[in-house]
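Please read the structure below before turning to the comments.
Below, read A as the first sequence line, B as the second, and so on, with proteins coming before strands; counting in each chain starts at 1.
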Amino acid sequence: MEISELIEKLALIVALFGVTLGIAAYATYFERKVAAWFQDRIGPDRAGPFGILQPLADGGKLFFKEDFIPAAAEKWLFIMGPGIAMFTALMTGSVIPWSTDLVLFGQTVALQVADINIGILFIMGFLSIGVYGIMIGGWASNNKFSLYGAIRASSQMISYELAMGICVITIVMMSGSLSLRDIVNAQHGMNWNVFYQPLAFVIFFICSLAETNRAPFDLAECESELIGGYHTEYGSMKMGFYLFAEYVSLFTSSAVISVLFFGGFNFPGMDNFDGNTLAILGIVAMFTKTFFFIFVFFWIRWTIPRFRFDQLMHLGWKSLIPISIINMLITGLVIAFNEGWFK
Amino acid sequence: MNSTGIDYLPIVLQIGVIGGFVAFVLFITHYLGPRLKSKKKDSNWECGIESEGNARFPVSVRYFMTAILFVLFDVEVIFFYPYAVNFKALQLEGLLAVILFVAFFLIGFFYVLKKGALEWEK
């Protein structure tokens, strides 16, 4: 890899990082606006016109708050917890293909930080490490509420990871590759996976809600039982990291859902375009789908009440895992039938 | 498609950028805000009442069971990945082998259910 290529990748990484943080920050604003709209309120409207400077005001405030560490906490683990949560949330975006290749100044720029052949496994791996961020933070606080929040969060996340993994397997069986770019290229035009795998999509979506600790599965931080859950003792930007990590993973989960099931940057009638026009329209298509799913996450949060913890575990283990395994077997049999292996 | 080590270089770069950002922010917020210490303030927050003991106590064995079962089943799910990638190359033979494997998987799963390892109410 040459130096110019490395600089290009570095520029892409910094751009992706900026866009991710920007979207995560403005997702907090839109969540409040959407909630207000659902409940017939106005929502944030003081900072700037229509309150659009609200996320900046919130972020700035968090920077200048006291960085509190309880006397009973394990100091280094307490600091590491939010760091791991934020780090893993930001890392998952690196293997997502955002669009087709862009040609800038005679150079081809791939709009994907790293096109590796284990793409989806990389994402699942970093999702699993994300559990450590919450578990370490909650345990190190040495607070009973934090400990319960952390244990709930980690057992919920690992439980839903199983069904999620099996849904990913059905998609991999159809496309024959773990690389996200190959998975997207297999869904050219309107040939999206959701039309072949509606059940896998529904299960994957439910699991993403649980993995990102969003309502109705936000038992890790249900304020009526556990105060703030695993971040009860946190303040300043450490708490900001936990909250931000949730919105960043909301954004990446929406992007992964659009890539796996809704064709990523593919859109109907894409054969009429080529070159940079196609790349830019691809970015627009990809982000439209992503924003739509971010909205659906908000919509669900402000519509459905929270589950009880035993209901949550029953749903994960007793319904989603068997259904997704049967779905996987049916997919295998249907593909075998279509390819004529039984003759 | 085959990836070589060089394809992972951007990921190393990204680890550098993001790790640097996270460490930097955690470092500067420690010095930006005010710092006030007192015995009462530094104790754990428990809804305003006096804090009793610490949070190093055993929790329900259900959580432990969930974690153990996760390890077992996740290893089995991981075995599906190489199969799924080579699904179209292995053809019918591979499919029959996986149906057998899933049968074993489900026997284990129903054993766990019958044993009541996933019951939370009892």
Side-chain angles (χ1 to χ4, degrees), chain A residues 1 6 9-10 13-14 17 63-67 70-72 79 83 86-87 90-91 94 113-117 121 142-144 146-147 151 155 158-159 161-162 165-166 169 172-173 176-179 182 227 232-233 236-238 309-310 313-314 317-318 321-322 325 329 332 336 339 341-342, chain B residues 1-3 6-11 13-15 17-19 21-23 25-26 28-30 32-36 39 42-47 54-57 59 62-63 66-67 69-70 73-74 77-78 80-81 84-88 91-92 95 98-99 102 105-106 109 113 118 120-121:
Chain A
M1 205 173 265
L6 270 183
K9 285 291 181 199
L10 196 63
I13 289 167
V14 173
F17 171 67
F63 267 102
F64 293 101
K65 285 288 174 186
E66 180 177 347
D67 190 31
I79 297 171
M86 190 66 184
F87 178 76
L90 281 169
M91 277 305 291
S94 62
V113 172
D115 184 15
I116 51 177
N117 61 357
L121 273 184
N142 206 345
N143 178 319
K144 287 136 199 158
S146 302
L147 181 71
I151 286 175
S155 53
I158 61 177
S159 301
E161 209 175 285
L162 292 174
I166 298 171
I169 285 166
V172 173
M173 278 163 82
S177 172
L178 291 166
S179 156
D182 292 352
I227 314 174
T232 302
E233 292 288 351
S236 178
M237 210 52 202
K238 291 205 192 73
F309 194 70
D310 61 309
M313 296 310 266
H314 282 187
W317 282 93
K318 291 186 179 170
I321 292 176
I325 285 182
L329 282 184
E339 303 257 323
W341 295 349
F342 289 125
Chain B
M1 192 191 92
N2 284 314
S3 289
I6 209 86
D7 288 336
Y8 290 85
L9 208 58
I11 288 179
L13 273 181
Q14 181 152 1
I15 289 176
V17 169
I18 290 170
F21 165 76
V22 168
V25 170
L26 285 178
I28 61 160
T29 51
H30 199 72
L32 279 180
R35 211 78 186 102
L36 292 166
K39 198 165 176 291
D42 281 356
S43 65
N44 277 318
W45 196 82
E46 282 181 18
C47 311
N54 64 6
R56 304 280 177 264
F57 53 84
V59 291
R62 302 287 171 217
Y63 294 105
T66 310
L69 291 176
F70 164 73
F73 284 110
D74 204 42
V77 168
I78 285 165
F80 286 129
Y81 275 97
V85 174
N86 298 311
F87 173 61
K88 286 184 178 153
Q91 297 219 337
L92 196 57
L95 185 64
V98 151
I99 289 174
V102 169
F105 183 101
L106 287 178
F109 186 70
L113 284 189
L118 299 171
W120 283 78
E121 296 93 347

Would you give the length of the straight line joining atom [atom1] of [X] to atom [atom2] of [Y], rounded to the nearest 0.5 angstrom?
X: Phe80(B); Y: Met173(A); atom1: CZ; atom2: CE; value: 9.5 Å
X: Leu178(A); Y: Tyr81(B); atom1: CG; atom2: OH; value: 7.5 Å
X: Leu113(B); Y: Trp317(A); atom1: CG; atom2: CH2; value: 9.5 Å
X: Asp67(A); Y: Thr29(B); atom1: CG; atom2: OG1; value: 4.5 Å
X: Met313(A); Y: Tyr63(B); atom1: CE; atom2: OH; value: 8.0 Å
X: Leu106(B); Y: Ile321(A); atom1: CG; atom2: CD1; value: 10.5 Å

If I measure from the heavy atoms of chain B, does [X] come under 4.5 Å with its side chain, its backbone, both, or neither?
X: Ile169(A); answer: both
X: Leu329(A); answer: side chain
X: Phe17(A); answer: side chain
X: Glu66(A); answer: both
X: Leu147(A); answer: side chain
X: Ser94(A); answer: both

Most contact-rich option vs chain A, by heavy-atom pairs under 4.5 angstrom, among Asp74(B), Ile15(B), Val59(B), is Ile15(B)
I'd like to know which of Ile99(B), Val17(B), Ile78(B), Leu26(B) tops the heavy-atom pair count under 4.5 Å against chain A.
Leu26(B)
Ignoring hydrogens, what is the shortest heavy-atom contact between [X] and [Y]? Give both atom names and the distance.
X: Ala114(A); Y: Ile11(B); value: CB-CG1, 3.6 Å
X: Ala67(B); Y: Ile158(A); value: CA-CD1, 3.8 Å
X: Ile28(B); Y: Phe63(A); value: CD1-CE2, 4.0 Å
X: Ala336(A); Y: Leu95(B); value: CB-CD2, 3.6 Å
X: Pro322(A); Y: Phe109(B); value: CG-CE2, 3.6 Å
X: Gln14(B); Y: Ile13(A); value: N-CD1, 3.7 Å

Based on non-hydrogen pairs under 4.5 Å, which of Ser159(A), Gly165(A), Ser146(A) is most in contact with chain B?
Gly165(A)
Quick check on the interface: out of Lys65(A), Met237(A), Met86(A), His314(A), who has the most heavy-atom pairs with chain B under 4.5 Å?
His314(A)
Cut-off 4.5 Å, heavy atoms of chain A, and the answer for Val85(B) is both
Structural part of Val77(B) lying under 4.5 Å from a heavy atom of chain A:
both
